[in-house]
Amino acid sequence: MDGAHRPIEENADNPSGAGEPRRLIDRIPAIPERKSLHGPLTARRLRRFYAFLALEFLLGISPILLGMSTQWKAFGLGMIFPGAGFLYAGGIAGPLFAALSVAAFTVIMFIWWARGVIVGPPGVLLGTALLSAAWIEGKQGVSWMETALPVAVAALHLYLAYGRRQEFAAAKARGAALNEVITKAEPLLRDYPVVAAEEMPAGQIGEYRRMLDLALQPVDSWNGFSMDDTWQDGALRYQICTMSWNLALGQYTQLPAFHGYLNTAQENLIHKHIDRNTWNYWYWESLWGNFQLEKNPVTTDNIMLSGFLGVSLGMFETASGTSPFKAPGALTFRWDENTAFPYSHETLMEEVVKNYKRYDYGWFPCEPRWIYSMCNLVGRTALAFHDARHNTHFIDAVGDRFERTMEEEMMLADGRIKVCTSSPFGFQVPSLSGLFGETWGIRFLTPHAPEQAERLWQILKNDYISVKPDGQLDFKLLPLGWDTRKPADFSKWPELNPLIMTLWAALEMGDEPIINATTRTIDQRYGEGLAASMTWSRRNTVRDMVNKGLPEAWAKGPIIEKAVYPEAIITRAVTDGQALEAVIHPGAQGGKTSIGLSRLKPGGNYRLLQTGEQFTASTDGRHQLDIILPGRTEIHIVPVV
């Protein structure tokens, strides 16, 4: 007779027989009261920055105070504000050249943020000041500008300082009002058991196949990858890690009993991640941002590579139960035939710890001298993954300082989180905050700080997102920055990036009304099934992967070890420790295929319920099973007693 069996659990949110799961936190904590505008480390940097600006201002007006030539006056004025020297020169061309100077300075400020070119802004300021001095040679300046321009620049700085104080007061008031709401809100996060999700819908299968097609080509082949963006969110490193994470999340939630080409795809993506095509950008960013000739892409800063790769490694190890990158040299960043930087998973994480410790913030930059909150949350999660799977203690070395920086330096008075901060100067880039920038980090907060995730999620829902009466998502986007930049890899739709980040955060939080509304909105705006193609996680998925790992039944039960791609598209595979269930689609036309089973009981007898076929596992617990795929096909293999 067949061994006792039942359908292996289908729904992670309502597991069979499970009672009401416990809350992860009893109540959502209040936003801490801020006594000062900035934390101590940030304030120190800003005092230094403002002192430099004051000195520059005094030096800029000194030619006027000392009665020097018009060229020196134009140069000095051009150093206190871009284009001011041309305004001093006057005439028809003066305002035009001043406007061009401001435009050039604006562009270089963007390039400084996007590429880390720290010498760019002072270089443009110096260059336009020199040009204004050359332009005014042999002419008289506009005399009243000698007073008006310095007064206007000083007034501008005073106005901005006043504005910051007003914004801080408003943020404190908003934080106090929010505390009345969030401390009474019901926490969402619950300690559900780890069970498999339902099989992939059609939209998800399409994206699954797209990722597999890209990942299963030879490692040195880049067909299908976008090579247009080396620096920003369309860069290879982000294309690769997005696929790595999604495949690992899919393996953990829907395919824990399938290895085969799914493991191969993830290993290939990690090998692509360490290919020089992916990280060559760092040589140039390190040169113009850190003033270093650095060929090693992970030894100094660059958490957008080391931290993101670390999460890819941790997710893959967790979902598959394998550690193919554990050995020394398994992760080798090769510059050329003579220069290479060999790492293992553990030594790569040691570099992350070293970089965290290099900064008094306890956080370190992506682009040179720009610290991003989401990237540092990713880096911390990478360390937590390694600690959990390998019994290391990386978090012990950095965790306390990390958390102090989060609360004292990066959290604003209204509970929002700074997205991007200048590591030498302390100011933030406010246009990068908003729905995209702040929802990004939610799922990387849940593993170690569920109370912070709950609080930030409630704040973002209060400020940016809600459910309309028609069931769609009502969302607010900031007019500049990430919220309205076009997605790098998807389309020309400016809203898709923040909507996908909202969906991923809501999935991790288990916020069903927001999940349903966001899914409906994405599908209505951009096509049915698009939301499903981006849905690879479920409630608590990242938290469970870090803190719980693979359930014992998944780690030891039967698996599909081999399958032929694209002949057999396996869209669900789960084991309860003894039996195995899977859903398989034919890649093209239906027909016969073979799958290799392993981790069966050596010499054990099994039955394929759909056909009644019985077989005996080999002495090493393996069996090759031939099946017919007329279309979507379920298989259920159970032990026979």
Side-chain angles (χ1 to χ4, degrees), residues 1-10 196-202 204-213 215-216 247 250-266 319-322 553-641:
M1 62 177 291
D2 297 338
H5 64 272
R6 59 181 173 79
I8 297 173
E9 59 265 72
E10 293 276 337
E198 66 279 1
E199 69 180 279
M200 297 180 189
Q204 191 180 9
I205 293 174
E207 175 64 9
Y208 180 51
R209 293 196 62 177
R210 184 192 75 85
M211 293 190 295
L212 290 173
D213 288 344
L216 291 172
L247 289 174
Q251 186 169 34
Y252 189 79
T253 57
Q254 296 164 301
L255 294 156
F258 175 44
H259 285 192
Y261 57 72
L262 181 54
N263 278 23
T264 302
Q266 292 175 81
S320 68
T322 64
W554 293 0
K556 297 182 178 180
I559 61 171
I560 299 174
E561 182 183 53
K562 295 179 181 179
V564 179
Y565 182 83
E567 188 175 281
I569 311 300
I570 299 173
T571 60
R572 188 175 191 266
V574 62
T575 176
D576 61 3
Q578 295 182 336
L580 171 68
E581 286 185 4
V583 177
I584 308 175
H585 293 256
Q589 298 178 350
K592 184 178 180 180
T593 191
S594 294
I595 59 173
L597 308 177
S598 67
R599 295 205 314 223
L600 301 167
K601 181 180 179 181
N605 295 317
Y606 290 83
R607 182 191 302 275
L608 176 60
L609 291 184
Q610 279 71 20
T611 64
E613 175 188 350
Q614 293 195 40
F615 61 87
T616 300
S618 65
T619 55
D620 62 354
R622 287 182 164 85
H623 181 73
Q624 192 79 11
L625 182 66
D626 294 331
I627 54 175
I628 303 296
L629 298 177
R632 175 189 176 277
T633 302
E634 294 185 27
I635 63 171
H636 191 175
I637 298 165
V638 298
V640 177
V641 179

Next item on the list: Could you tell me whether the side chain of R599 and the main chain of A555 form a donor-acceptor pair under 3.5 Å?
Entry: yes
Next item on the list: Provide the closest heavy-atom pair for Q610 versus H636 in the form atom of the first, atom of the second, distance.
Entry: OE1-N, 2.8 Å
Check: Are E567 and L629 close enough that some pair of their side-chain heavy atoms sits under 4.5 Å apart?
Finding: no
Margin query: Please report the interatomic distance CG(L580) to CG(L608), rounded to the nearest 0.5 Å.
Written below: 10.0 Å
Margin query: H623: which residues meet the ring-ring contact (aromatic ring centres under 6.0 Å, His included) condition with it, sequence neighbours left out?
Written below: F615
Notebook entry, point to check: Does the pair R572/E581 count as a salt bridge with the N-to-O cut at 4.0 Å?
Noted result: yes
Margin query: Between Y565 (side chain only) and R209 (backbone N and O only), is there a donor and an acceptor less than 3.5 Å apart?
Written below: yes
Item checked: Minimum heavy-atom distance G603-T616, with the two atoms named -> O-CG2, 3.5 Å
Next item on the list: State the CD-CE distance between E207 and M200, to the nearest 0.5 angstrom.
Entry: 10.5 Å
Check: Residues in salt bridge (Lys or Arg N to Asp or Glu O under 4.0 Å) with E561, at least two apart?
Finding: R622
Check: Is there a donor-acceptor contact under 3.5 Å from the side chain of Y606 to the main chain of K601?
Finding: yes
Note to self: If I compare all heavy atoms of A568 with all of I584, which pair ends up nearest, and what's the gap?
What the structure shows: CB-CG2, 3.8 Å
Next item on the list: Measure the NZ-CD1 distance between K592 and I627 for me, rounded to the nearest 0.5 Å.
Entry: 11.0 Å
Check: Taking the side chain from Q254 and the backbone from A573, do they hold a donor-acceptor pair closer than 3.5 Å?
Finding: no
Next item on the list: Could you tell me whether a side-chain N or O of Y208 sits under 3.5 Å from a main-chain N or O of I570, the two making a donor and an acceptor?
Entry: yes
Next item on the list: Report yes or no: does T633 contribute a side-chain atom to a donor-acceptor pair with the main-chain N or O of G631 at less than 3.5 Å?
Entry: yes
Check: Atom CD in Q614, atom CG in N605: separation rounded to 0.5 Å?
Finding: 7.0 Å
Checklist line | Residue pair H259 / T322, side-chain heavy-atom distance below 4.5 Å | finding: yes
Next item on the list: Indicate yes or no for a side-chain donor-acceptor contact from Q251 to the backbone of F258 under 3.5 Å, with no hydrogens or angles considered.
Entry: yes
Next item on the list: Locate the shortest heavy-atom distance separating V638 from A579; write the atom from each residue and the value.
Entry: CG1-CB, 4.0 Å
Item checked: CG-CD1 distance between L597 and I635, expressed to the nearest 0.5 angstrom -> 6.5 Å
Next item on the list: Find out whether I628 and T611 are in side-chain contact, i.e. whether some heavy atom of one side chain is under 4.5 Å from a heavy atom of the other.
Entry: no
Item checked: For P558 against G577, the heavy-atom pair lying closest together -> CD-O, 3.7 Å
Margin query: For a quick test of reading the model, state the closest non-hydrogen atom pair linking I569 to G587 and the distance between them.
Written below: CG1-CA, 3.8 Å
Note to self: Once rounded to the nearest 0.5 Å, what's the spacing between atom CG of L262 and atom CG of L247?
What the structure shows: 6.0 Å
Next item on the list: Please name all residues satisfying salt bridge (Lys or Arg N to Asp or Glu O under 4.0 Å) with R632, sequence neighbours left out, ordered by chain then number.
Entry: E199, E634
